[in-house]
Amino acid sequence: MKLHIRVIPNARRTEFAGRRGDELVLRLSAPAIDGKANRAAIEFLAGHFGLPRSRITLVAGEKSRHKVFELAGLESNDVLP
């Protein structure tokens with residue numbers, strides 16, 4: 001399954017914050033420096049969906065707020081926030 005996510009770094013806490021268009025909004029407490037926000041997003045998604053981090057891949061948007069993650073082992077009909 002692929003997730004389109006808009007990331008907001010340097011937030012007070014890490015949490016889903018709704019939707020904006022076709023994207024989920026993810027607030028991250030991590031800064032957007034040296035890939036910290038990307039790693040924090042993968043860690044959060046792994047915990048939220050109960051997957052190992054190795055099954056989550058950032059496929060687009062490494063240096064953008066608009067990111068696409070692929071979650072191996074989940075289908076698009078699984079529960080989303």
Side-chain angles (χ1 to χ4, degrees):
M1 172 173 77
K2 289 189 179 176
L3 285 180
H4 294 262
I5 296 180
R6 184 179 198 293
V7 172
I8 301 171
N10 293 321
R12 202 168 256 218
R13 62 182 152 204
T14 298
E15 64 186 353
F16 279 117
R19 292 181 181 263
R20 185 177 286 173
D22 292 341
E23 296 177 311
L24 293 171
V25 177
L26 177 59
R27 292 185 181 136
L28 295 172
S29 59
I33 298 172
D34 298 328
K36 289 180 182 179
N38 291 337
R39 288 190 297 275
I42 290 171
E43 184 74 30
F44 178 80
L45 292 172
H48 181 80
F49 289 104
L51 293 172
R53 290 185 310 268
S54 62
R55 300 189 79 194
I56 300 173
T57 306
L58 176 61
V59 294
E62 183 179 341
K63 295 189 181 228
S64 171
R65 289 181 184 240
H66 304 277
K67 301 182 182 296
V68 179
F69 290 93
E70 185 166 353
L71 285 67
L74 287 182
E75 299 298 323
S76 60
N77 59 355
D78 288 330
V79 177
L80 288 176

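Quick note: numbers below take in every heavy atom, side chains included, and nothing from hydrogens, waters or symmetry partners.
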>> Could you go through Arg19 and Leu24, starting from their C-alpha distance and side-chain angles, then the distance that decides it, and tell me whether this counts as side-chain contact (heavy atoms from CB on, under 4.5 Å)?
In response: CA-CA 4 Å; Arg19 292 181 181 263; Leu24 293 171; 3.8 Å; yes
>> Rounded to the nearest 0.5 Å, what separates atom CD in Glu43 from atom NE2 in His48?
In response: 14.0 Å
> Of the non-hydrogen atoms in Ala37 and Ala32, which two are nearest, and what is the gap between them?
Replying inline: CB-CA, 4.0 Å
>> I need the Thr14 OG1 to Leu45 CG distance, nearest 0.5 Å.
In response: 10.5 Å
> Which distance, rounded to the nearest 0.5 Å, do you find between the CG of Leu3 and the CD of Glu23?
Replying inline: 11.0 Å
>> For the CZ atom on Arg53, are there more than 12 heavy atoms of other groups (residues, nucleotides or ligands in this structure) within a distance under 6.0 Å?
In response: no
> Does one hydrophobic cluster hold both Val59 and Ile56, with members joined at side-chain heavy-atom distances below 4.5 Å?
Replying inline: no
>> Is there a side-chain contact (heavy atoms from CB on, under 4.5 Å) between His4 and Asp22? Walk through the geometry before answering.
In response: CA-CA 7 Å; His4 294 262; Asp22 292 341; 5.7 Å; no
> Is a side-chain donor or acceptor of Arg55 paired with a backbone partner of Ala46 at a separation under 3.5 angstrom?
Replying inline: no
>> Which heavy atom of Ala30 sits nearest to which heavy atom of Ala40, and what is that distance?
In response: CB-CB, 3.6 Å
> Hey, any chance Phe49 and Val68 share a hydrophobic cluster, counting ILVMFWY side chains that come within less than 4.5 Å of each other, even indirectly?
Replying inline: no
> Atom CG in Leu26, atom CD in Glu15: separation rounded to 0.5 Å?
Replying inline: 9.0 Å
> Are Phe16 and Leu58 connected in a single hydrophobic cluster, I mean Ile/Leu/Val/Met/Phe/Trp/Tyr linked by side-chain heavy atoms less than 4.5 Å apart?
Replying inline: yes
>> If we ignore hydrogens and angles and just use 3.5 Å, is the side chain of Lys67 paired with the main-chain N or O of Glu62 as donor and acceptor?
In response: yes
>> Within this structure, what is the CD1-CG distance for the pair Ile42 and Leu71, rounded to the nearest 0.5 Å?
In response: 9.5 Å
>> With rounding to the nearest 0.5 angstrom, report the CZ to CG distance, Phe44 to Leu28.
In response: 8.0 Å
> Under 3.5 Å, side chain of Ser64 to main-chain N/O of His66, donor-acceptor pair present?
Replying inline: yes
